[in-house]
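I'd like to ask some things about the structure below.
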Number of protein chains: 2
Amino acid sequence: MADKVAGRRGRRLQGQGAEAQGNEPGLTRERIAATAVGMLDANGLNGLTMRGLAEALGSGVMSLYWHVQNKEDVFDLALDSVLEYRGPTALQDWRGDIVHVLEDWRATMLRHPWSASLLPRRALGPNILVRLERLSKCLSAGGVSDTDVNAAIWSLWNYVMGATVTRAGFGPSDEDRAASQQRLAELGALYPSIEHSRLLLDDDWDGTFRRGLDFLLDGIAPKR
Amino acid sequence: MADKVAGRRGRRLQGQGAEAQGNEPGLTRERIAATAVGMLDANGLNGLTMRGLAEALGSGVMSLYWHVQNKEDVFDLALDSVLEYRGPTALQDWRGDIVHVLEDWRATMLRHPWSASLLPRRALGPNILVRLERLSKCLSAGGVSDTDVNAAIWSLWNYVMGATVTRAGFGPSDEDRAASQQRLAELGALYPSIEHSRLLLDDDWDGTFRRGLDFLLDGIAPKR
DNA sequence: GGCAAGACTCGTACAGTGTACGAATTTATT
DNA sequence: AATAAATTCGTACACTGTACGAGTCTTGCC
């Protein structure tokens with residue numbers, strides 16, 4: 001009952017006899033994925049509906065289902081298409097490389113905030129494995145022992161994941177910040193340490209991400 | 001257009017004249033929350049429907065809406081009711097205390113896997129703030145400087161968050177593991193480092209969590 | 001040419017969702 | 001007893017994902 005691989009084809013070439021508008025060149029998984037990403041970017045996770053997607057593609061709703069198993073499949077498609085990693089630099093400074101990989105990762109996901117809430121519950125797509133592989137290489141190059149490397153990778157993964165999901169959840173809107181501020185003002189007395197450190201008011205997300213990452217890398221770096 | 005605080009009352013006391021069965025003692029936010037948690041535990045995030053909830057409570061669907069703003073509100077209720085923290089021990093060993101807080105946190109959320117996917121996108125409820133406050137105190141007690149404490153708290157938060165969300169996402173089912181194994185077998189050649197370290201096959205989640213946490217705490221601990 | 005076998009599109013229909021609205025009922029207050 | 005407030009809930013609506021099967025188009029084979 002698991003997975004039956006539905007038929008899917010790539011096929012081009014159709015006579016544009018009647019309509020000169022080449023705007024709707026036939027459905028493909030790629031086109032579906034791209035359009036889905038657009039809609040998700042624009043309207044968030046709930047902004048994607050099969051009907052809407054079909055309309056944006058200029059097709060009937062049920063036509064999608066020939067290319068796609070179900071809505072979940074569309075999510076998978078969109079997610080993976082967003083997570084491509086173009087690793088530019090060659091290996092040199094292991095620590096700097098890791099920072100780069102993770103910051104790029106975070107930035108990519110924050111550019112499409114829905115991806116953060118989507119990623120956890122999906123299996124690891126190829127584009128994620130590429131990133132993990134790269135991490136693994138960097139760590140080994142940095143002298144992290146074989147016994148530590150797995151825990152290190154997962155801890156880095158967890159860190160990026162948590163940071164991104166949290167950041168995406170709080171959204172760029174000031175509404176949440178206002179809410180936090182409000183809540184803090186009300187209950188501040190109950191949480192003196194939090195209030196003292198202004199934990200919830202700080203909004204230097206990038207800096208905090210970077211500094212926490214340094215903590216983690218300090219701990220991972222082989223002790224001397 | 002933001003928030004109108006709906007009326008909500010706590011009220012007890014009704015004559016049980018007609019029906020002796022005290023099984024349905026009237027709706028309250030608490031009862032709604034408890035029942036919602038039960039349904040979420042049993043059937044996951046999609047297992048909670050307003051109709052189902054009403055039925056389980058022995059009430060009409062729309063009656064819920066007098067106590068609750070909307071379904072989101074039910075989620076908030078359920079989440080917060082699950083995250084209560086009964087901090088047992090007094091402060092002593094800062095590092096051990098932190099480990100305890102975080103492991104308890106993770107365990108609590110994994111006991112209700114839906115909570116992991118829910119938490120990120122909600123505002124911080126009081127029960128979470130309690131935990132953060134506690135973290136903050138431990139860190140200060142451990143000698144972490146005021147300038148570092150925020151970054152440290154967030155990094156710990158991120159770490160627990162990521163670990164829990166990931167773990168909950170992969171579910172306890174072996175189906176996912178089988179899928180990963182399959183994928184790895186297929187593409188193993190492309191990801192030699194990952195395959196070598198058996199990253200995806202290791203299933204000692206608790207141990208890995210603990211070891212990664214040690215990395216992080218090593219990095220956070222004040223340098224000497 | 002004819003024609004059959006796929007590949008692909010899509011209209012209709014159905015069961016299910018959250019919740020707006022307003023009427024009915026119960027409880028509290030005067 | 002009368003009035004107001006609190007609480008319940010039936011009905012209705014717009015919207016969701018997708019099963020089903022009838023259509024159309026493209027291609028290869030005789």
Side-chain angles (χ1 to χ4, degrees), chain A residues 1 4-19 21-32 35-36 39-40 43-78 118, chain B residues 1 3-19 22-32 35-36 39-40 43-78 118:
Chain A
M1 91 178 72
K4 68 173 76 159
V5 190
R8 50 196 62 144
R9 275 289 125 72
R11 130 260 53 167
R12 222 22 3 148
L13 55 121
Q14 87 277 18
Q16 60 267 42
E19 45 185 356
Q21 293 300 73
N23 205 5
E24 297 163 3
L27 291 177
T28 53
R29 293 198 119 219
E30 291 75 19
R31 227 161 70 78
I32 292 178
T35 314
M39 297 188 64
L40 286 166
N43 307 319
L45 263 186
N46 299 341
L48 181 65
T49 71
M50 295 304 272
R51 281 176 239 265
L53 185 55
E55 189 176 13
L57 285 162
S59 79
V61 197
M62 293 315 290
S63 308
L64 299 175
Y65 283 87
W66 198 89
H67 303 267
V68 147
Q69 217 129 334
N70 44 34
K71 197 182 180 183
E72 292 274 290
D73 199 12
V74 177
F75 280 133
D76 285 341
L77 236 47
L118 223 46
Chain B
M1 98 180 64
D3 47 8
K4 66 172 76 157
V5 191
R8 52 196 61 147
R9 276 289 125 71
R11 128 260 56 166
R12 223 22 359 153
L13 55 121
Q14 87 279 16
Q16 60 267 43
E19 45 183 356
N23 204 5
E24 297 165 4
L27 291 177
T28 53
R29 294 196 119 219
E30 291 76 18
R31 226 160 72 78
I32 292 178
T35 314
M39 299 188 62
L40 287 166
N43 308 319
L45 263 186
N46 298 341
L48 181 65
T49 71
M50 296 304 272
R51 283 177 238 262
L53 186 55
E55 189 177 12
L57 285 162
S59 78
V61 196
M62 293 315 290
S63 308
L64 298 175
Y65 284 86
W66 198 88
H67 302 268
V68 147
Q69 217 129 333
N70 44 35
K71 195 181 180 181
E72 292 273 288
D73 200 12
V74 177
F75 281 132
D76 285 341
L77 236 47
L118 223 45

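Each chain gets a letter, A, B and so on, in the order the sequences are listed, and its residues count up from 1.
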Going from OG on B:Ser63 to CD1 on B:Ile32, what distance comes out if it is rounded to the nearest 0.5 angstrom?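 So the gap between those two atoms works out to 9.0 Å.
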
Consider the side chain of B:Ser63, meaning its heavy atoms from C-beta on, and name the nucleotide among D:dC9, D:dT18, C:dT19 that approaches it most closely.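 My answer, after comparing the listed nucleotides, is D:dC9.
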
Distance-minimising heavy-atom pair for A:Asn46 and A:Thr49: O-CG2, 4.4 Å

If you measure from the Lys or Arg side-chain nitrogens to the Asp or Glu carboxylate oxygens, is any gap between B:Asp73 and B:Arg29 under 4.0 Å?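 Yes, B:Asp73 and B:Arg29 are salt-bridged.
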
Rounded to whole Å, how long is the line connecting atom OH of B:Tyr65 with atom P of C:dT17?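 Distance check: B:Tyr65 OH to C:dT17 P gives 12 Å.
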
Could you state the CH2-P distance from A:Trp66 to C:dT9, rounded to the nearest angstrom?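 One finds 8 Å between P of C:dT9 and CH2 of A:Trp66, rounded.
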
Please report, rounded to the nearest Å, how far the P atom of D:dT8 is from the CG atom of B:Leu53.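 Computing the B:Leu53:CG to D:dT8:P distance gives 13 Å.
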
Nearest-0.5 Å distance, CG of residue B:Leu77 to NZ of residue B:Lys71: 14.0 Å

Give A:Leu64 one of three labels, base, sugar-phosphate or nothing, depending on what nucleic acid heavy atoms sit under 4.0 Å from its own. nothing

Can you measure from CG (B:Leu64) to CG (B:Asn70) and round to the nearest 0.5 angstrom?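 CG of B:Asn70 is found 12.0 Å from CG of B:Leu64.
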
Report the distance from atom CG of A:Leu27 to atom P of C:dC10, rounded to the nearest whole Å.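 Rounded to whole Å, this separation is 7 Å.
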
Atom pair distance, as rounded to whole Å: CG in B:Asn46 and C1' in C:dG16: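 Whole-Å distance recorded here is 12 Å.
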
Among C:dA20, C:dT9, C:dG11, the one nearest any side-chain atom of A:Met62 is C:dG11

If you check the B:Thr49 side chain, which of C:dC8, D:dG17, C:dT17 turns out closest?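 Of C:dC8, D:dG17, C:dT17, C:dT17 is nearest to the side chain of B:Thr49.
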
Please pick, from D:dT18, D:dT8, C:dG18, the nucleotide with the shortest atom-to-atom distance to any side-chain atom of B:Met50.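 Nucleotide nearest to B:Met50's side chain: C:dG18.
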
Grab the CD-P distance between A:Glu55 and C:dG11 for me, whole Å please. 12 Å

What is the distance, rounded to the nearest whole Å, between atom CG of B:Leu57 and atom P of D:dC9? 11 Å

Give a yes or no on whether a donor-acceptor pair under 3.5 Å exists between the nucleobase atoms of C:dG16, that is its base, and the side chain of B:Arg51. no

Any side-chain N or O of B:His67 less than 4.0 Å from the OP1 or OP2 oxygen of D:dA6?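 False: B:His67 side-chain N/O out of range (4.0 Å or more) of D:dA6 OP1/OP2.
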
